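Read through the structure below, which is laid out as structure tokens, and then see the notes.
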Protein chains: 2
Amino acid sequence: MDLVFEIDFQSDEALYTQLCNQIIIGIAKEMVHEGDALPSVRQLADEVGINMHTVNKAYTVLKQEGYVKVDRRKGAIIAVDIDKLRALARTKEDLRILLARASCMNVSREEIHRLIDEIYEEYGGC
Amino acid sequence: MDLVFEIDFQSDEALYTQLCNQIIIGIAKEMVHEGDALPSVRQLADEVGINMHTVNKAYTVLKQEGYVKVDRRKGAIIAVDIDKLRALARTKEDLRILLARASCMNVSREEIHRLIDEIYEEYGGC
DNA sequence: CTCTCTGTTATATCTATAGTATAACAGAGA
DNA sequence: TCTCTGTTATACTATAGATATAACAGAGAG
């Protein structure tokens, strides 16, 4: 199964952010694996109809966050190497505001747990 | 217990977003309640050292999202009125990318559930 | 060696957003 | 009248997002 990229030009999310998210979700869903090559910046730009530099920015961000390594010859390669402690801190910070919103509209803790399970099921399962 | 506002000028988060988040978290933590008045735009702007219009933007966003009502006489009043279905959809979408990141760094489902409980404990508890 | 593919770098331009600054207006209350 | 509210308008600066063109260096294939 291969990655399919879909850009929503109406979204308020930046195009490069949409690409980053789709790739990260692709890794989580195991649609791509360690060592797999992503399309070249020019190729992907052409495929989804955006500028080369926008794709390049996405890859650069993914590199900085530790999801890919970029090889001058082969392009961007999936290679997850993330500082777990820092990432956990970020996760908790993101959850804090997300759950505050949920709590304000009386979404129960159980409902959240159920959502978590639903989504984790889509991913590796573990 | 009253809301205390703290702005991080070094953060890459927009100032008005920081204000929004602190207020939403304040509601979740029950530091402010339905009917409570927020500081006036000028007062809060002065308090944290930013422009009046930036505070006004925060209040406008909170109004659009259904966290406050704005009264010309009294200012912004906490009044949560959110379409639960739409909010649930947003919650799930936000969780999807957050959990993908977590999954990529091998944070187990159990660890996430534990984080949820930790944070929900800070909030109403239910 | 040449051709073609990679990422990389450097400009330049355009647009939208974020933030600040000043100012004025209308409504409510003391 | 004075003072407080939010609201509106205008203007300016800075930054981020996105595009466009162009060129460069390294690697591989022919």
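Keep in mind that this is a model prediction, so the values were computed, not measured. Below, read A as the first sequence line, B as the second, and so on, with proteins coming before strands; counting in each chain starts at 1.
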Could you tell me which residues satisfy salt bridge (Lys or Arg N to Asp or Glu O under 4.0 Å) with A:Arg90, sequence neighbours excluded, listed by chain and number?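 Result, salt bridge (Lys or Arg N to Asp or Glu O under 4.0 Å) vs A:Arg90: A:Glu65, A:Asp94.
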
Which residues satisfy the side-chain hydrogen bond (donor to acceptor under 3.5 Å, both in side chains) test with [X], sequence neighbours excluded?
{"X": "A:Gln18", "result": "none"}
{"X": "A:Lys92", "result": "B:Glu118"}
{"X": "B:Glu47", "result": "none"}

Can you pull out the residues from residues 58-71 of chain B that lie within a 4.0 Å heavy-atom distance of DNA chain C?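 Output list: empty, so none.
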
To the nearest Å, give me how far apart [atom1] ([X]) and [atom2] ([N]) are.
{"X": "A:Lys57", "N": "D:dA16", "atom1": "NZ", "atom2": "P", "result": "8 Å"}
{"X": "B:Leu44", "N": "D:dC4", "atom1": "CG", "atom2": "P", "result": "17 Å"}
{"X": "A:Leu38", "N": "C:dT6", "atom1": "CG", "atom2": "P", "result": "13 Å"}
{"X": "A:Asn56", "N": "C:dC5", "atom1": "CG", "atom2": "P", "result": "18 Å"}
{"X": "A:Gln18", "N": "D:dG17", "atom1": "CD", "atom2": "P", "result": "13 Å"}
{"X": "B:Tyr16", "N": "C:dG19", "atom1": "OH", "atom2": "P", "result": "7 Å"}
{"X": "A:Asp8", "N": "D:dG17", "atom1": "CG", "atom2": "P", "result": "17 Å"}

Just to verify, what does B:His113 make a ring pair (Phe, Tyr, Trp, His ring centres under 6.0 Å) with, not counting sequence neighbours?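 Checked B:His113 against ring pair (Phe, Tyr, Trp, His ring centres under 6.0 Å); matches are A:His113.
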
Tell me which pairs pass side-chain hydrogen bond (donor to acceptor under 3.5 Å, both in side chains) where either residue lies in residues 66-77 of chain A, with sequence neighbours left out.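 Listed by first then second residue: A:Asp71-A:Arg73.
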
Given a cutoff of under 4.5 Å between side-chain heavy atoms of I, L, V, M, F, W and Y, with clusters grown through shared members, what are the other residues clustered with A:Val61?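 Other cluster members: A:Tyr16.
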
Can you check each nucleotide of nucleotides 19-30 of chain D against protein heavy atoms at under 4.0 Å and return B for base, S for sugar-phosphate only, - for none, in 5' to 3' order? BBBBB---SS--

Counting Watson-Crick and G-U wobble pairs whose two distances are both under 3.5 Å, find the runs of 3 or more in a row that involve DNA chain C.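 Listed by first number, the stems are C:1-30 with D:1-30.
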
Would you please name every residue forming a side chain to side chain contact (heavy atoms under 4.5 Å, CB included) with B:Arg42, sequence neighbours left out?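 Counting only residues at least two positions away or on another chain, B:Arg42 forms a side chain to side chain contact (heavy atoms under 4.5 Å, CB included) with B:Ser40, B:Met52.
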
Going by the rule side chain to side chain contact (heavy atoms under 4.5 Å, CB included), which residues pair with B:Asp46 if we only count those two or more places apart in sequence or in a different chain?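 Listed in chain order: nothing, the list is empty.
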
Is a salt bridge present between A:Arg114 and A:Glu111, judged by a nitrogen-to-oxygen distance below 4.0 Å?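 No salt bridge links A:Arg114 with A:Glu111.
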
Under a 4.5 Å side-chain heavy-atom rule over Ile, Leu, Val, Met, Phe, Trp and Tyr, are A:Ile119 and B:Leu85 clustered together?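 No, separate clusters.
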
